[in-house]
Amino acid sequence: MKKISIIIPAYNEEEALPMLYERLNKLMNEVTNYEFEVLFVNDGSKDKTIQIIKDLRKQDERICYVDFSRNFGKEIAMIAGLDYAKGDCVIFMDADLQDPPELIPELIKYWEEGYDDVYARRSSRKGETWLKKFTSKMYYRVLQSLTRVPIQKDTGDFRLLDRRCVNALKKLRESQRCSKSMFSWIGYNKKEVLYERDPRIAGSTKWNYRKLIDLAIDGITSFTTSPLRISTYLSIPTFFALLIYFIYVVVKCMLTSTFVQAYQAIILLILFFSGVQILLFGIIGEYLGRIFNETKNRPLYFVNEYNGEKETNED
Ligand code: UDP
Ligand code: MG
């Protein structure tokens, strides 16, 4: 029997968990031809989240958990989920039931048809402000314009991934992660499923605009070093301005048969040297970007315990 791992990052979700379990349990009992594993990644919650998960595990063997040593953020919780999941495929879900578990059979159906990455695309986003919708739309647009890898719009992390996608993602171990772009980057056969995104059932969103901006910047900078190229591009108009002004000064001096005046020489020098400086910054930036891309190899997270066993960090 094939095994399916449902990975759920949870950070301060004590209110949502009972209802989440109820709906997952119903689903797992209905879909009988698969073995299920629900893998919670407790991301350093400060409330009773881990207690509730442990209690659930006592009554239901299908519940597993990874307990982080502190809060590492959802992106890291997701890669930890991939590391610990045992299934032939995994499904990412939020703990707040914004991703309806009832969609899972449909995801599985397409997986059985041979798709490797079945992702759920929101056809609506209830309970979110227009500002959030607008900013996320603009963000997708900017990200897409910076890269050649196609980015899926209106897609969260709710998706099913085949084992080979999981193994591919496990090889991408950079610390500033943007899963969304990684899902696109690894490729494989993708299939879109539409769904209605519900408002979160309990608790409050863990995002604030600062976190979202951080995520957006991580997304851009981990995906492309093109922002570093800005200085290279800025130096081009500076050199053009230099060239045009230089010609203007020379021609004017010849026509009026005067000498180059001090202020003209100063403007020329400023244009020349600022052009050189911006260009040098750009070159340094390019190399810095390369180094930055190569040096991300810290462990991504530390685990406190896995299914009740303390993690010792020995190899
Ligand atoms: N989450 C997490 N670590 C964090 C923040 C969030 O594991 O530092 C989890 C959270 O418990 C939830 C999911 O990520 O399961 C999505 O978070 P949230 O619902 O707050 O985000 P939104 O749906 O508003 O984008
Ligand atoms: Mg949510």
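One-based numbering, in listed order, for ligands and for the atoms of each. The figures here come from the full heavy-atom set of this structure, side chains too, leaving out hydrogens, waters and symmetry mates.
Looking only at atom types and distance, the side chain of Ser5 has a donor-acceptor partner in the side chain of Glu37 under 3.5 Å away.
Protein N/O/S atoms nearer than 2.8 Å to the Mg ion (ligand 2) total 2.
Contact annotation for Glu13 and ligand 1: only side-chain heavy atoms (C-beta onward) come within less than 4.0 Å of the ligand. Contacts with ligand 1 closer than 4.0 Å are made by no heavy atom of Val41, backbone or side chain.
Around atom 8 (O) of ligand 1, the closest heavy atom drawn from Asp94, Asn71, Ile76 belongs to Asn71.
Salt-bridge annotation for Asp67 and Lys54: absent, with no side-chain N of the basic residue lying under 4.0 Å from a carboxylate O of the acidic one. In summary, Glu22 and Lys26 do not engage in a salt bridge, as defined by a charged side-chain N under 4.0 Å from a carboxylate O. Under a 4.0 Å N-O distance rule, the pair Arg159/Asp117 qualifies as a salt bridge.
Ring planes of Tyr301 and Phe68: parallel class, angle under 30° (limits at 30 and 60°).
In this structure, Ile266 belongs to a hydrophobic cluster whose other members, linked by side-chain heavy atoms under 4.5 Å apart, are Ile270.
Contact atoms of ligand 1 toward Gln98: 19 (O), 22 (P), 23 (O) (distance under 4.0 Å to a heavy atom of the residue). Heavy-atom contacts of Gly73 reach the following atoms of ligand 1: 3 (N), 8 (O) (cutoff under 4.0 Å). Residue Asp43 approaches ligand 1 through these ligand atoms, each under 4.0 Å from one of its heavy atoms: 2 (C), 3 (N), 4 (C), 7 (O), 8 (O).
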Less than 3.5 Å apart, which donor and acceptor atoms pair up between the side chains of residues 239-259 and the rest of the protein, not counting sequence neighbours?
{"from": "Thr256", "atom 1": "OG1", "to": "Lys252", "atom 2": "O", "distance (Å)": "2.7"}
{"from": "Thr256", "atom 1": "OG1", "to": "Thr258", "atom 2": "OG1", "distance (Å)": "3.1"}

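Within the 4.5 Å cutoff, the side chain of Asp83 has heavy atoms near those of the Lys170 side chain.
For Lys58, the salt bridge (charged side-chain N to carboxylate O under 4.0 Å, His left out) test picks out Asp55, with sequence neighbours left out.
Checked by distance only, ligand 1 and Pro9 come closer than 3.5 Å through their nitrogen or oxygen atoms. Looking at ligand 1, you'll find an N or O of Ala95 within less than 3.5 Å of one of its N or O atoms.
Checked against Leu161 for a side-chain contact (heavy atoms from CB on, under 4.5 Å), the options Val118, Leu169, Leu107 give a single hit: Leu169.
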